[in-house]
Amino acid sequence: MPNIPTITAPTWSATTRAAEPLRAGAFALAIAAFELILAKGIVGPEVARYVFLFVGLFALALVFRFPMATALIFLVLTDFIFHSTIFARDVGSLSVRPHELALACLLVVALVRPRRQTWGGVPGTALAAFLGLVATSAALAVWGGETSLSDAFNWARPLGLLTFFYIVVRLFPSPRDRRLLLTAVAVLAAVAGVVAALIAFGADFGSALQAPGDQAIRGQEGLGSLERVRLAGLSAGYAVFWFAVVQIAARQGRSRLLWMLLLAGIALGIAVSFNRNMWLGLAIGALLMAVLGGSMVRNRLAVGAVVAIAGLAVLMAFGSSTTNETVVQPIVKRGSTLLSPGKTSKESSLQDRARETEKAWGAAEDHLLLGVGAGVPFGVYLRQPIASGSIFYGVATIPQLFLHNQYLYLVLIAGIPGLIAFLVFLGVPVLHSIRRVPRDPAIAACGVGILLIMISSVVAIYLTTDDWTPLLALLAGTIVADLEGPAAAGEPAGLSP
């Protein structure tokens, strides 16, 4: 006889009862983790360790109470103005990063108190398999003495942020919640874009936003006085650009104006990044959205293209010579190289990437099953100057442990099976966004966002860094949660307004 819910005593299924010990154990493990991370290695009296432990438990309680706020903080720490590692603090021999602590707390909540009992179906299984293969490959490399535990951990840890996918599908299955997360990312990207534009046009606070050794802000040789600026929020803008376009197309009045302002901020950030991969990606995205977005989006794109071309023509015809020389001409000159492949192929950066890909493939051929492991040299080296102040001592040759061709890099750290698992993790959501019935332009925009990141990752490090992996997890989780249906009976599906 089936259980009949009552208002006097809650009914629990056998599955729920069986899961209770697991949830209690997860909470206990979370407490132990806080003790190890926040208490172990603290120099000082014993009472200091208990203070840190208490702070950790209090933070965990807040996460349980406010998971959405914690998720937004996580996104702020990874995809806003500062790069996430600028907040890292050493605790003993471990570099503790706040965004990883927030993610760990959210994972505990997702395990103990989910709003939907799911792990994301096939994409979730593929992600677990991929992460397991990365960990196995790294462990074997450390065991064999091919790399240190520190290098293996630090080069693999950005991939752990992909587990934000499980948080989205288990804690935020409601379309309203997922729309809020995507809107928050758009706001972060727009603000970061405005800040990047101010720096590019001469604001003097740019150096304060960089961690030591970071090259987020760099002058453009041969492109005038305009600086190239790439803050962490640039990745967010690229990921949700077409989601913002859909919101503009679907809304009216003040709401549409606000989304237009957000899109303008995002576009500014992408423009001053001088990132041709992104510029080309947005052009491809326009074609995809014209096909997948429906007549409403297609009409808005046509109007927007006409307005943009007209505005650029007016600026070049009637703008001051200073504006044209410092703003318009550098961007036009940089973009024109996309139409001149012969000229582009002679650039040293592309030649360097071709050479590193050739050498890395030689190492990958001998380790196709599990790869060489994260943090293991694969035959590519960097030359770095050794200097102290104005004194130059020479050049050091060090192994390069990253690769611009991200698909070959995935083979290096997880083998062919790892690459296949990763492609399944992202490919299934993309296919659903394209084949969804009825079609939802906002869901399609999320799929296009994933697809553009995947295309750009042939020559850019977009799949394995801690500003990109949370966005891939968010977009994939958003689509999979849509595939599994609304969170509550009667709640409308989809993300379009």
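No hydrogens, no waters, no symmetry mates; every other heavy atom, side chains included, goes into these values. The structure displayed is predicted, hence computed values, not measured ones. In this chain, numbering begins with 1 at the start of the sequence shown.
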* Asked: Is the shortest heavy-atom distance from the side chain of P429 to the side chain of P123 under 4.5 Å?
  -> yes
* **Closest non-hydrogen atom pair between L412 and L403, with its separation** => CD1-CD2, 4.0 Å
* Asked: Which distance, rounded to the nearest 0.5 Å, do you find between the CD1 of I450 and the CG of L474?
  -> 9.0 Å
* If you round to the nearest 0.5 Å, how far is CG of N154 from OG of S95? -> 7.0 Å
* **Gap separating the CD1 atom of I443 from the OG1 atom of T478, nearest 0.5 angstrom** => 7.0 Å
* **Straight-line distance of I86 CD1 to R97 CZ, nearest 0.5 Å** => 12.5 Å
* Structure fact -> Scanning both residues in full, the closest heavy-atom pair of I248 with R256 reads O-NE, 3.0 Å
* Output the distance between atom CG (L292) and atom CD1 (I434), rounded to the nearest 0.5 Å. => 5.5 Å
* So do the side chains of S456 and Y238 get within less than 4.5 Å of each other, counting heavy atoms only? -> yes
* **Validation row, ring centre F402 to ring centre Y409 under 6.0 Å** => no
* **Check: F64 and R113 side chains under 4.5 Å, non-hydrogen atoms** => yes
* Asked: Are L181 and M68 close enough that some pair of their side-chain heavy atoms sits under 4.5 Å apart?
  -> yes
* Any chance you could lay out the side-chain contact (heavy atoms from CB on, under 4.5 Å) test for L180 and F172, step after step, and finish with the verdict? => CA-CA 10 Å; L180 175 58; F172 308 119; over 6 Å; no
* To do: Please assess L263 against Q247 for the test side-chain contact (heavy atoms from CB on, under 4.5 Å), listing each intermediate value before the final yes or no.
  => CA-CA 10 Å; L263 185 63; Q247 298 304 308; over 6 Å; no
* Asked: side-chain contact (heavy atoms from CB on, under 4.5 Å) between L451 and I455: does it pass, once the steps are laid out?
  -> CA-CA 6 Å; L451 191 57; I455 292 172; 4.3 Å; yes
* Quick one: are I420 and F422 in side-chain contact, heavy atoms under 4.5 Å? -> no
Please tabulate, for the side chains in residues 457-471, all donor-acceptor contacts under 3.5 angstrom to protein atoms that are two or more places apart in sequence or on a different chain.
from	atom 1	to	atom 2	distance (Å)
S457	OG	I453	O	2.6
Y462	OH	N275	ND2	2.9
T464	OG1	Q406	OE1	2.7
T465	OG1	D467	OD1	2.7
D466	OD1	H83	NE2	3.4
D466	OD2	S84	OG	2.8
T469	OG1	P158	O	3.0
T469	OG1	T465	O	3.1

* For the student: nearest non-hydrogen atoms of V246 and A442, plus distance -> CG1-N, 3.7 Å
* Asked: Any donor-acceptor pair under 3.5 Å linking the side chain of R89 with the backbone of V96?
  -> no
* Without swapping roles, check the side chain of R116 against the backbone of R170 for a donor-acceptor pair under 3.5 Å. => no
* Between R353 and N405, is there a donor-acceptor pair closer than 3.5 Å when you use the side chain of the first and the backbone of the second? -> no
* Asked: Looking at residues at least two apart in the chain, or sitting in another chain, which of them share a ring pair (Phe, Tyr, Trp, His ring centres under 6.0 Å) with F425?
  -> F165
* Donor-acceptor contact present, side-chain R439 to main-chain G294, <3.5 Å -> no
* What pair of heavy atoms forms the shortest contact from G120 to V169, and how long is it? -> N-CG2, 4.2 Å
* **Results of ring pair (Phe, Tyr, Trp, His ring centres under 6.0 Å) for W242 - residues two or more places apart only** => none
* In sequence, state the C-alpha distance, the side-chain angles, and the governing distance for L111 and L107, and then conclude on side-chain contact (heavy atoms from CB on, under 4.5 Å). => CA-CA 6 Å; L111 177 62; L107 286 172; over 6 Å; no
* Asked: Does T85 reach the main-chain N or O of A88 with its side chain, forming a donor-acceptor pair under 3.5 Å?
  -> no
* Asked: Between the side chain of R251 and the main-chain N/O of W259, is any donor-acceptor distance below 3.5 Å?
  -> no
Just distance, no hydrogens or angles: give the donor-acceptor pairs under 3.5 Å from side chains in residues 125-146, sequence neighbours left out.
from	atom 1	to	atom 2	distance (Å)
T125	OG1	G121	O	3.1
T136	OG1	G132	O	2.8
S137	OG	L370	O	2.7
S137	OG	G373	N	3.2
S137	OG	I413	O	3.4

* To do: For H367, check side chain to side chain donor-acceptor pair (under 3.5 Å) against everything at least two apart and list the hits.
  => none
* Could you tell me which residues satisfy salt bridge (charged side-chain N to carboxylate O under 4.0 Å, His left out) with R157, sequence neighbours excluded, listed by chain and number? => E100
* Verify, without hydrogens or angle tests, whether Y407 (side chain) and M454 (backbone) share a donor-acceptor contact under 3.5 angstrom. => yes
* Asked: How far apart are the closest heavy atoms of P67 and L171, and which atoms are they?
  -> CB-CD1, 4.3 Å
* To do: Taking the side chain as every heavy atom from C-beta outward, state whether V291 and R298 have any pair of such atoms under 4.5 Å apart.
  => no
* Structure fact -> Shortest non-hydrogen pair, A192 vs L231, comes out as O-CD1, 3.7 Å
* **Straight-line distance of S255 OG to L258 CG, nearest 0.5 Å** => 6.5 Å
* **Any donor-acceptor N/O pair, D151 side chain to T147 backbone, under 3.5 Å** => no
* Asked: Does the side chain of T118 pick up a donor-acceptor pair with the side chain of Y166 at under 3.5 Å?
  -> no
